[in-house]
Each structure stands twice: as structure tokens, then as C-alpha cells.
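Notes for the one structure printed next.
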Amino acid sequence: FQYLRDLPIGRKLTLLLLTPCLVVLLLSGGALLGFQIKMFRKDFARDIRSVADIIGTTSTAAVAFNDPKAANEILHSLQSKEHIVSAILILPDSTIFACYGRHSEAPVIETADRFVFREADALMIKPVMLEGKQVATLNIVSNYRAVYAGLLKLVGWMLLIVVVVGVGVAAVLSHWLQRFISDPVLRLAQTARTVAENNDYSVRAQEESSVEPGVLTQTFNQMLARIQEQDEAITLAQHKAEALINSIDGIVWECEPDTF
């Protein structure tokens with residue numbers, strides 16, 4: 001805090017104006033980042049569910065006609081989704097009917113749709129239905145962290161650019177605005193320094209148009225006027241005293257006998 005106290009008034013005002021702007025930008029950026037993370041999870045889950053619906057619908061015939069080749073071709077269409085690591089179709093007896101990618105974990109069979117974010121990836125479980133009967137279950141494993149990292153990188157760069165540009169604009173505006181406060185004070189300080197160095201109480205501060213600096217300048221000039229009047233009165237009194245002393249010395253000299 002001692003460093004802040006020793007700063008010139010212009011820098012203090014600039015810092016005073018910049019600090020709230022920077023805090024607002026950081027808070028806004030944090031809120032935007034949190035919103036983007038929340039929307040990412042929601043949109044990612046919706047996208048995987050849509051993909052699972054399409055794969056489940058198109059693979060129904062392949063499962064019904066016991067055509068693993070066709071089912072594998074359908075699953076391999078997921079290559080267009082780079083974040084999808086693997087996908088498998090599991091029959092009700094836990095037999096893997098078709099597979100895409102390296103699916104190293106145990107198959108999961110459930111009777112309802114379920115999507116879950118896990119520590120390293122995300123799992124989508126989709127029952128494949130035919131005439132109201134579950135004929136297979138689709139498991140899709142996706143690497144959401146890669147997409148998440150790309151999103152964070154993009155949002156991070158956007159926030160960095162916004163903060164840098166915002167701080168730059170705020171710095172320029174604060175430097176321009178603080179002059180309306182600091183310049184009158186600095187001119188007043190310069191006038192006080194001139195008076196102190198030269199003992200010249202006839203100097204007057206420049207009149208300011210704004211309210212508070214104008215009142216301060218008028219009060220300072222009134223103080224200088226009173227000091228000048230008092231100084232002139234003291235100087236006049238000193239001159240009168242010196243003249244009186246000189247006249248008394250002359251009278252004493254004329255009264256000495258040796259002078260007659």
C-alpha cells in the first residue's frame with residue numbers, strides 16, 4: 001500500500017478507473033466461461049443422443065436380418081465424428097453384433113436411454129427397438145475432453161483479446177478523463193510551489209470552470225490575497241518602525257551637548 005500512496009495523483013486516478021473495468025471484464029469473462037461450459041455439456045449430450053438415434057434406427061434392419069456386415073458399415077459411418085472413440089451393438093444375450101473402433105470396456109445393456117460424462121470420456125447407451133421389442137443395445141464412447149479442450153482454448157483466446165482490448169480502451173479513456181481532475185490539482189500544486197520558492201504572494205492560481213476544483217482554486221487565491229495583504233502590512237510596519245528608530249537616533253544625536 002505504501003507504493004500506492006507514493007504514486008502521483010494522475011496514476012492513482014488512472015488506476016482507480018482501470019481497476020473496476022478490469023474486475024468487471026474478469027467477472028464477465030468468468031461468467032461467460034461458466035456459461036460456455038454449461039452449454040457445451042448440454043450441446044454435446046444432445047449431439048451424441050442425435051447420433052445414437054440415427055445409428056439405432058438405421059441398424060434395426062441389420063440386426064433383424066442378422067447382417068453384421070451391414071451393421072459394421074453403419075457403425076463405421078461414425079468416422080466423420082472425430083470425437084467418437086468406439087461404438088458397439090450388443091445383442092440381448094450380451095454378444096457383440098457389430099463394432100467400431102477399439103471398445104475395451106465391458107458392454108452395457110439397459111432398457112432406457114442414458115448418457116453420462118465420465119472422468120476420461122462419455123458413454124451413450126441406446127436401446128435398439130423393433131416393434132416395441134429391444135433387439136440390441138448401442139454403446140457409443142466419445143472423447144469429450146478433446147472437444148472441451150478446443151472450446152476452452154477458443155474461449156480463452158476470445159477472453160484474452162477482450163480483456164486486452166478492454167483494458168487498452170479503458171486506459172486511454174481513463175488517461176483522458178483523469179486530466180479533468182488531476183490537471184487542476186497539479187496546476188494548483190505548481191502555483192503553491194512557486195509561491196513557496198519565491199515568497200511571491202502576488203501569484204494567483206488559474207481559475208477553473210468545474211465546481212470542486214473551481215472552489216478550491218478560489219479559496220486558495222483568497223488565502224494568497226490575505227497573506228499578501230498581511231505581508232504588505234507587516235512590511236509597511238517594519239518600514240515605519242525602521243523610520244521611527246532612525247528618527248529617534250537623529251533626535252538623540254541632536255540633543256547631545258557636544259553637537260552644539
Side-chain angles (χ1 to χ4, degrees), residues 20-63 71-92 94-130 132-167 170:
C21 295
L22 181 60
V23 171
V24 169
L25 285 174
L26 292 178
L27 290 177
S28 301
L32 177 61
L33 181 60
F35 177 76
Q36 289 295 332
I37 292 175
K38 181 178 179 180
M39 293 302 298
F40 162 77
R41 296 175 69 91
K42 184 178 179 180
D43 292 342
F44 190 85
R46 183 173 61 244
D47 180 66
I48 295 298
R49 288 181 184 276
S50 299
V51 171
D53 288 340
I54 294 172
I55 297 297
T57 302
T58 54
S59 62
T60 302
V63 175
N72 276 295
E73 290 177 355
I74 293 172
L75 291 184
H76 277 73
S77 65
L78 295 173
Q79 291 178 348
S80 59
K81 299 286 185 178
E82 296 181 357
H83 58 84
I84 294 181
V85 178
S86 64
I88 56 173
L89 274 171
I90 313 126
L91 297 178
S94 300
T95 303
I96 297 179
F97 184 72
C99 180
Y100 162 72
R102 294 183 178 179
H103 197 89
S104 57
E105 59 188 84
V108 180
I109 298 176
E110 292 189 6
T111 57
D113 293 4
R114 185 164 68 92
F115 178 84
V116 58
F117 283 102
R118 301 185 295 190
E119 184 177 355
D121 53 30
L123 174 64
M124 178 67 206
I125 304 169
K126 170 71 177 179
V128 178
M129 309 298 293
L130 178 62
K133 181 181 178 181
Q134 183 173 347
V135 295
T137 303
L138 174 65
N139 288 183
I140 298 177
V141 177
S142 55
N143 181 13
Y144 73 93
R145 286 184 173 273
V147 184
Y148 183 67
L151 176 65
L152 284 183
K153 184 177 180 180
L154 176 62
V155 174
W157 277 109
M158 290 176 59
L159 290 179
L160 179 62
I161 293 173
V162 169
V163 169
V164 170
V165 173
V167 170

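One is the number of the first residue; the rest follow in order along the sequence. As the structure is a prediction and not an experimental result, all values here were calculated from the model.
Here the straight-line distance linking atom CG of Asp53 with atom OG1 of Thr58 works out to 10.5 Å at 0.5 Å rounding. Thr95 contributes atom OG1, which lies 11.0 Å from atom CD1 of Ile88 (distance to the nearest 0.5 angstrom). Here the straight-line distance linking atom CG of Leu78 with atom CD1 of Ile54 works out to 9.5 Å at 0.5 Å rounding. Going from atom CD1 of Ile140 over to atom NZ of Lys81 covers 10.5 Å, rounded to the nearest 0.5 Å. Here Leu32 contributes atom CG and Ile37 contributes atom CD1; the two are 10.0 Å apart, rounded to the nearest 0.5 Å. Going from atom CD1 of Ile48 over to atom NE2 of His83 covers 4.5 Å, rounded to the nearest 0.5 Å.
By the 4.5 Å heavy-atom criterion applied to side chains, Val163 and Leu22 are counted as neighbours. Residues Lys126 and Ile55 form no side-chain contact, since every pair of their non-hydrogen atoms from C-beta on lies 4.5 Å or further apart. Looking only at side-chain heavy atoms (C-beta outward), Val108 and Leu123 come within less than 4.5 Å of each other. Contact check for Val141 versus Ser86: side-chain heavy atoms found under the 4.5 Å cut-off.
A side-chain hydrogen bond (donor to acceptor under 3.5 Å, both in side chains) check over residues 137-164, counting only residues at least two apart or in different chains, returns the pairs Gln134-Thr137.
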Verdict with reasoning, Leu152 to Phe40, per side chain to side chain contact (heavy atoms under 4.5 Å, CB included): CA-CA 10 Å; Leu152 284 183; Phe40 162 77; over 6 Å; no

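For Glu82, there are no side-chain contact (heavy atoms from CB on, under 4.5 Å) partners two or more places apart in sequence or in a different chain. Partners of Val63 by side-chain contact (heavy atoms from CB on, under 4.5 Å), not counting sequence neighbours, listed by chain and number: Leu89, Leu91, Phe97, Val135, Ala136.
Here the closest non-hydrogen pair linking Ile74 and Ser59 is CD1-CA, 3.7 Å. Taking each heavy atom of Leu75 and Cys99 in turn, the nearest pair found is CD1-N, 3.6 Å. Across every non-hydrogen atom of Ser80 and Ser77, the tightest pair is OG-O, 3.3 Å. Counting all heavy atoms, side chain and backbone alike, Gln36 lies closest to Leu151 at O-CD2, 4.0 Å. Among all heavy-atom pairs drawn from Ala98 and Ala71, the shortest one is CB-CB, 3.6 Å.
A cation-pi arrangement is present between Arg41 and Phe117, with the terminal nitrogen or guanidinium carbon under 6.0 Å from the aromatic centre and inside a 45° cone about the axis.
For CZ of Arg102, the number of neighbouring non-hydrogen atoms (other residues, nucleotides, ligands) closer than 6.0 Å is 12 at most. By the 6.0 Å contact criterion, CE on Met158 is open, its count of non-hydrogen atoms from other residues, nucleotides or ligands being 12 or less.
Looking at Thr60, its side chain does come within 3.5 Å of a backbone N or O of Gly56 through a donor-acceptor pair.
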